[in-house]
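This report concerns only the one structure given below.
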Amino acid sequence: MAESNHWQLIPLDDFERPSAPASTLVQKALIRLHSLIGGDVDDDATPEDQDFPHYREFDVAPAVAAVDDAWQELKKTPCVRFVVSPPFSGTGAILREWAERKGYQQLQVPNVEQLESADTDAWWQAQKCERWLLDEFSSFWLRTTSHMQFMRALLPRLLRGELGEGVVVVDSWTFAFLQRAWPLSLPHCYCFAAATPELLRQVCIEGSDKRLRKLAAKTRGNVGVALALWALERDIERQAPQIPREADDGTAFILYALLLHHGLRGEHLQWVLPMLAPDQLDVQLLRLQQNAVIELDDEGVWRITVYAYIDVRDFLAARGYWLDGF
């Protein structure tokens, strides 16, 4: 890999979260206070008239090159490789670009009827490909009694090589669930190394080494979240997210379900959370939306906002939820 390219695809077991520069508890409290009131504790703030990049708009070509570099070193290509993707990290977009360049076909998501019947044969026959990318594995299941059989039937077929050569992008929260709910470990797992100050500069974030180390640590090395929070600090018109003061167990159920499935339609959210009455669910969704914690996309799917992700993760951690490994 060229020295100027700081993207790295690594074995999942080698992942290490970045550490923040040493600071006292008082300094951390002051940083938090300044962020709440809109202040800036660093002297190297970027001019406000700069055209800030959107978190999805960084150049994926260097990351694609990192995928090539990592996998060219393999002596033998396994039938299936898994790439674990933290939310908003851009891993899916990177692998889609890589797959297009390599001639891999993108697999289609099964419909609800196929999930319920676990008919992997009919689903696979409709794909008609030899080399493939499965980039939406979180859409291949729902955490209900009748909607998990498809995933349980599909995974053994993938591992046995029955479906040929492919790459599976697994959301990190789905992967954490699989580690507890599925009796076998997934082989050949990769992820992108945590962002360094050098990588953050490569995706056009500016600042001193100290400032960028803090940003990398706060965002747990997630490039997309780092881009979003860096821009949010300078966008006075965008509403900063805030976990509602009324947040309760129902709120936590919803947020965890959305992360576990990488977003859900309202009716599917009701399926996986039958303990919440429909009117209670509607109130919770509206409150979270008003607080910029979740959003409804153009396809009718509820998702955590990139700007709220770190706060949501901390909220779930405080309540003892099983978190992802990133």
Side-chain angles (χ1 to χ4, degrees), residues 79-87 91-92 95-96 99 104-187 189 253-278 281 285 294 296-304 321-322 324:
C79 289
V80 178
R81 287 163 283 186
F82 296 86
V83 182
V84 183
S85 169
T91 301
L95 267 298
R96 283 191 291 274
Y104 282 54
Q105 179 178 315
Q106 190 170 335
L107 299 184
Q108 299 300 310
V109 174
N111 56 42
V112 173
E113 291 74 19
Q114 289 171 325
L115 291 183
E116 293 176 344
S117 65
D119 190 355
T120 58
D121 283 332
W123 168 80
W124 176 246
Q125 289 171 6
Q127 307 299 323
K128 298 180 180 179
C129 62
E130 296 181 357
R131 300 195 304 171
W132 47 264
L133 170 71
L134 193 165
D135 71 327
E136 295 186 41
F137 192 72
S138 297
S139 299
F140 279 61
W141 72 296
L142 288 171
R143 195 179 58 167
T144 72
T145 303
S146 58
H147 296 93
M148 292 183 62
Q149 297 306 316
F150 189 95
M151 178 182 69
R152 289 171 174 163
L154 178 64
L155 282 173
R157 298 191 65 181
L158 291 176
L159 299 186
R160 288 194 295 263
E162 294 180 12
L163 306 187
E165 180 184 336
V167 176
V168 181
V169 179
V170 185
D171 186 90
S172 58
W173 289 79
T174 300
F175 185 80
F177 179 83
L178 283 175
Q179 287 180 304
R180 301 193 76 187
W182 205 57
L184 299 177
S185 298
L186 297 179
C189 291
F253 292 154
I254 292 170
L255 296 176
Y256 183 66
L258 293 181
L259 286 174
L260 200 61
H261 294 89
H262 197 56
L264 286 169
R265 295 182 179 276
E267 63 269 25
H268 296 163
L269 192 54
Q270 187 71 73
W271 291 358
V272 302
L273 298 176
M275 75 289 292
L276 296 181
L281 179 60
L285 291 173
I294 66 174
L296 187 65
D297 69 15
D298 295 338
E299 298 180 353
V301 177
W302 289 103
R303 302 185 189 278
I304 306 292
Y321 275 74
W322 182 261
D324 74 345

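Just so you know, these numbers come straight off a predicted model, no measurement behind them.
Ring pair Phe177/Trp141 is parallel by interplanar angle, where below 30° counts as parallel and above 60° as perpendicular. Using cut-offs of 30° and 60° on the angle between ring planes, the pair Trp271 and His268 is tilted.
In this structure, CZ on Arg265 lies 8.0 Å from CG on Asp297, to the nearest 0.5 angstrom. In this structure, CZ on Phe140 lies 9.5 Å from CD on Gln114, to the nearest 0.5 angstrom. The structure places CG of Leu134 at 11.0 Å from CG of Leu95, a figure rounded to the nearest 0.5 Å. Rounding to the nearest 0.5 Å gives a distance of 10.5 Å between CG of Leu155 and CZ of Arg160. One finds the CG atom of Leu186 at 9.0 Å from the CG atom of Leu158 (value rounded to the nearest 0.5 Å).
Nearest heavy-atom pair across Gln270 and Leu281 is OE1-CD2, 3.5 Å.
Summarising the local packing, CD of Glu162 is surrounded by more than 12 heavy atoms from other residues, nucleotides or ligands at distances under 6.0 Å. Residue Glu130 places its CD atom among 12 or fewer non-hydrogen atoms of other residues, nucleotides or ligands, all under 6.0 Å distant. No more than 12 heavy-atom neighbours from other residues, nucleotides or ligands sit within 6.0 angstrom of CD on Glu299. For Trp322, the CH2 atom counts as loosely surrounded, since its 6.0 Å shell holds 12 or fewer non-hydrogen atoms of other residues, nucleotides or ligands.
Between Leu163 and Trp132, some side-chain heavy-atom pair lies under the 4.5 Å cut-off. Proximity of Val112 to Phe150: side-chain heavy atoms (C-beta onward) are nowhere separated by under 4.5 Å.
At distances below 3.5 Å, at least one donor-acceptor pair connects side-chain atoms of Thr174 with backbone N or O atoms of Leu260.
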